[in-house]
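A quick write-up on the structure given underneath.
Note that these values count all heavy atoms, side chains included, but never hydrogens, waters or copies made by symmetry. All figures in this text were calculated on a predicted structure; none of them were measured in a lab.
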Amino acid sequence: MSFKDYYSKLELNELLELSKTPHKVNTGGIPFLIDELEKRGEKGYRNKVEEYYQQTDKFKFGHLKISGWLWIILIGLIINVVRSSINVFELLQSNFEKIEASLNTDMRFDFYLYYGIEIFMIIFSIVLIAMMLSFNKDFRKFMVFFYVISVGSSFYFGFKNSEINGLIIFQAFFAMIWSYYLLYSEKPKKVFIK
């Protein structure tokens, strides 16, 4: 049964009892309770419930949703979690001691640095996904920081291996575009406000 049907079937005294304690009412149903009170001419009770509703997160943030270009950022974060998890899993599957023994000191540092960054990026991506889905106001800054780490690590390992290729340049260009979008476009400013 929908909220609309439920409230329309209540006796007036039951409806008024509910409206005295709006904090006990399911937030999703409050707009229908307000409508029903309006239909029955109970303006005083209606105003009291509406006043309460305007203080709730549902009223203030109910319009927020991930849409448009933001889906690409969310999908990119999910792909990053999967890709980095596969890299770390492959390391754990390999003979770790043999790999470590075959590396010189510089290579060993880079080896640990690379997998340390991969593990960090998994955790950071999961945190960013949670921040994005909860419309956290700090998401935009943290996402730009994520791009800086990602591009910085790619350039570091590229220089070490003398392999600054088109893919790394494209990654840097991609990061600059998305950073600009998150920091200066109107939509992200309006969505990440909690």
Are [Y] and [X] connected in a single hydrophobic cluster, I mean Ile/Leu/Val/Met/Phe/Trp/Tyr linked by side-chain heavy atoms less than 4.5 Å apart?
| X | Y | answer |
| --- | --- | --- |
| Leu182 | Phe174 | yes |
| Ile86 | Ile79 | no |
| Tyr180 | Trp71 | no |
| Ile149 | Ile78 | yes |
| Tyr52 | Leu37 | yes |

Heavy-atom side-chain contact between [X] and [Y] under 4.5 Å:
| X | Y | value |
| --- | --- | --- |
| Thr21 | His23 | yes |
| Pro31 | Tyr53 | yes |
| Glu50 | Ile34 | yes |
| Tyr114 | Asn87 | yes |
| Phe139 | Ile73 | yes |
| Phe157 | Ile117 | yes |
| Met121 | Phe146 | yes |
| Val25 | Val49 | no |

Checking the side chain of [X] only, and the main-chain atoms of [Y] only, is there a donor and an acceptor separated by less than 3.5 Å?
| X | Y | value |
| --- | --- | --- |
| Ser84 | Asn80 | yes |
| Ser2 | Asp5 | yes |
| Ser134 | Met131 | yes |
| Arg140 | Tyr184 | no |

Next on the checklist: Checking side-chain contact (heavy atoms from CB on, under 4.5 Å) between Met143 and each of Val148, Leu128, Leu183, Asp138, which is the one that passes?
Outcome noted: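 For Met143, the side-chain contact (heavy atoms from CB on, under 4.5 Å) check succeeds only for Leu128.
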Nearest heavy atoms of [X] and [Y], plus distance in Å:
| X | Y | answer |
| --- | --- | --- |
| Tyr6 | Leu18 | CE2-CD1, 4.4 Å |
| Glu11 | Glu14 | N-OE1, 2.8 Å |
| Tyr147 | Ala175 | CB-CB, 3.8 Å |
| Leu10 | Arg40 | O-NH2, 2.8 Å |

When rounded to the nearest 0.5 angstrom, what is the spacing between [atom1] in [X] and [atom2] in [Y]?
| X | Y | atom1 | atom2 | value |
| --- | --- | --- | --- | --- |
| Ile66 | Met132 | CD1 | CE | 4.0 Å |
| Phe173 | Trp178 | CZ | CH2 | 12.0 Å |
| Ile75 | Ile129 | CD1 | CD1 | 11.0 Å |
| Tyr156 | Ile168 | OH | CD1 | 13.5 Å |
| Leu133 | Leu74 | CG | CG | 5.5 Å |
| Ser153 | Phe155 | OG | CZ | 10.5 Å |

Checklist entry - How about Tyr7 and Phe32: are their ring centres within less than 6.0 Å of each other? => result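 No: the rings miss the under 6.0 Å criterion.
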Next on the checklist: I'd like to know whether Glu36 forms a salt bridge (Lys or Arg N to Asp or Glu O under 4.0 Å) with Lys4, so could you lay out the CA-CA distance, the side-chain angles of the two residues, the decisive distance to 0.1 Å, and finally the verdict.
Outcome noted: CA-CA 8 Å; Glu36 193 59 36; Lys4 187 174 183 179; over 6 Å; no
Next on the checklist: Show, in sequence, the C-alpha distance, side-chain angles and deciding distance for Glu17 and Lys20, and conclude whether the salt bridge (Lys or Arg N to Asp or Glu O under 4.0 Å) test is met.
Outcome noted: CA-CA 5 Å; Glu17 277 302 310; Lys20 287 176 188 174; 3.0 Å; yes
Checklist entry - Side-chain donor-acceptor pair under 3.5 Å between Lys187 and Ser67, yes or no? => result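 Yes - a donor-acceptor pair under 3.5 Å links their side chains.
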Checklist entry - How about Lys141: does its NZ atom have over 12 heavy atoms from other parts shown lying under 6.0 Å from it? => result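 Not more than 12 within 6.0 Å, no.
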Item to check | Heavy-atom neighbours of Phe142 CZ exceed 12 at 6.0 Å | outcome: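 No, the 6.0 Å shell around CZ holds no more than 12 heavy atoms from other groups.
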Checklist entry - How far apart are the C-alpha atoms of Ser19 and Glu42, what are their side-chain angles, what is the distance that settles it, and do they pass the side-chain hydrogen bond (donor to acceptor under 3.5 Å, both in side chains) test? => result CA-CA 10 Å; Ser19 64; Glu42 297 294 336; over 6 Å; no
Checklist entry - Would you call the rings of Phe124 and Phe145 parallel, tilted or perpendicular if under 30° counts as parallel and over 60° as perpendicular? => result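 Phe124 vs Phe145 ring planes: perpendicular.
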Next on the checklist: Set out, in order, the CA-CA distance, both residues' side-chain angles and the distance that settles side chain to side chain contact (heavy atoms under 4.5 Å, CB included) for Lys194 and Asn136, then state yes or no.
Outcome noted: CA-CA 5 Å; Lys194 278 193 182 182; Asn136 188 295; 5.7 Å; no
